[in-house]
Amino acid sequence: MENLTPIALGSDHAGYALKEFIKAYLIDLNLEVKDFGTLSEDSVDYTDFGIRVAQKVAEGEFNRGILICGTGLGMSMVANRFKYVRAALCHDIFSAMMSRRHNDANILVLGGRVIGSELAREIVQTWLKTPFEDGRHRARIEKFDTIPCSSGRSDA
Ligand code: RB5
């Protein structure tokens with residue numbers, strides 16, 4: 001069974017309030033968390049905090065992370081740049097469940113300006129408790145890691 005904790009948390013200013021709410025919820029469940037910031041509502045770049053958390057998950061130091069910005073979009077874009085990271089932006093319970101069952105998502109992304117805290121809590125709960133189905137889904141997600149980082153347009 002995968003060890004879920006400690007869970008790496010990160011947000012920008014727009015996700016700060018929801019991060020604090022989710023952190024308190026996880027602590028209430030006796031789950032260990034590591035907060036990579038931000039630590040206030042002062043304006044910051046979501047990129048910096050997304051990188052911090054995604055890097056730790058990519059390196060295998062943390063198995064799970066939760067990232068929160070205003071929409072969840074920027075954090076998703078940043079996190080999915082990292083090999084071995086499968087970040088899922090989920091604003092409904094079904095997507096949270098399927099992101100685990102079929103995609104083995106290791107980072108959950110939320111938009112603090114999109115959903116309320118109670119729905120976010122349900123999404124986090126579902127995402128943490130749902131196992132990966134494995135089987136045919138493993139080969140599919142393993143193909144992500146065959147995509148060369150340099151593929152795409154050249155700067156030249
Ligand atoms: C911050 O204003 C906002 O752009 C950020 O939180 C996020 O939504 C970006 O994708």
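Bear in mind the structure is a predicted one, so any value in this text is a computation, not a measurement. Atoms within each ligand, like the ligands themselves, are counted from 1 in listed order. Numbers here simply count residues along the sequence, with the first being 1.
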Can you sort out which atoms of ligand 1 are near A14, meaning under 4.0 Å from one of its heavy atoms?
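Numbered from 1, ligand 1 contributes 6 (O).
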Mark up the atoms of ligand 1 that fall under 4.0 Å of a heavy atom belonging to C69, in ascending order.
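Near C69, meaning under 4.0 Å from one of its heavy atoms, ligand 1 has 6 (O), 7 (C), 8 (O), 9 (C), 10 (O).
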With sequence neighbours excluded, residues passing salt bridge (charged side-chain N to carboxylate O under 4.0 Å, His left out) with E20
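Partners of E20 under the salt bridge (charged side-chain N to carboxylate O under 4.0 Å, His left out) test: K23.
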Tell me whether [X] contacts the main-chain N or O of [Y] through its side chain, where contact means a donor paired with an acceptor under 3.5 Å.
X    : Y    : result
N106 : R64  : no
N3   : T5   : yes
R100 : A105 : yes

Give me the nearest non-hydrogen protein atom to [atom] as residue plus atom name, then the distance to 0.1 Å.
atom                    : value
atom 8 (O) of ligand 1  : T71 N, 2.9 Å
atom 10 (O) of ligand 1 : G74 N, 2.9 Å
atom 2 (O) of ligand 1  : R113 NH1, 3.4 Å
atom 5 (C) of ligand 1  : D12 OD2, 3.2 Å

Taking N or O atoms only and a 3.5 Å limit, does G70 qualify as a polar contact for ligand 1?
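Among all N and O atoms of G70, at least one is under 3.5 Å from an N or O of ligand 1.
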F36 ring center within less than 6.0 Å of F62 ring center
yes
Any side-chain heavy-atom pair from V109 and I107 closer than 4.5 angstrom?
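Answer yes - side chains close enough.
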Part of H13 within contact of ligand 1 (heavy atoms, under 4.0 Å):
side chain
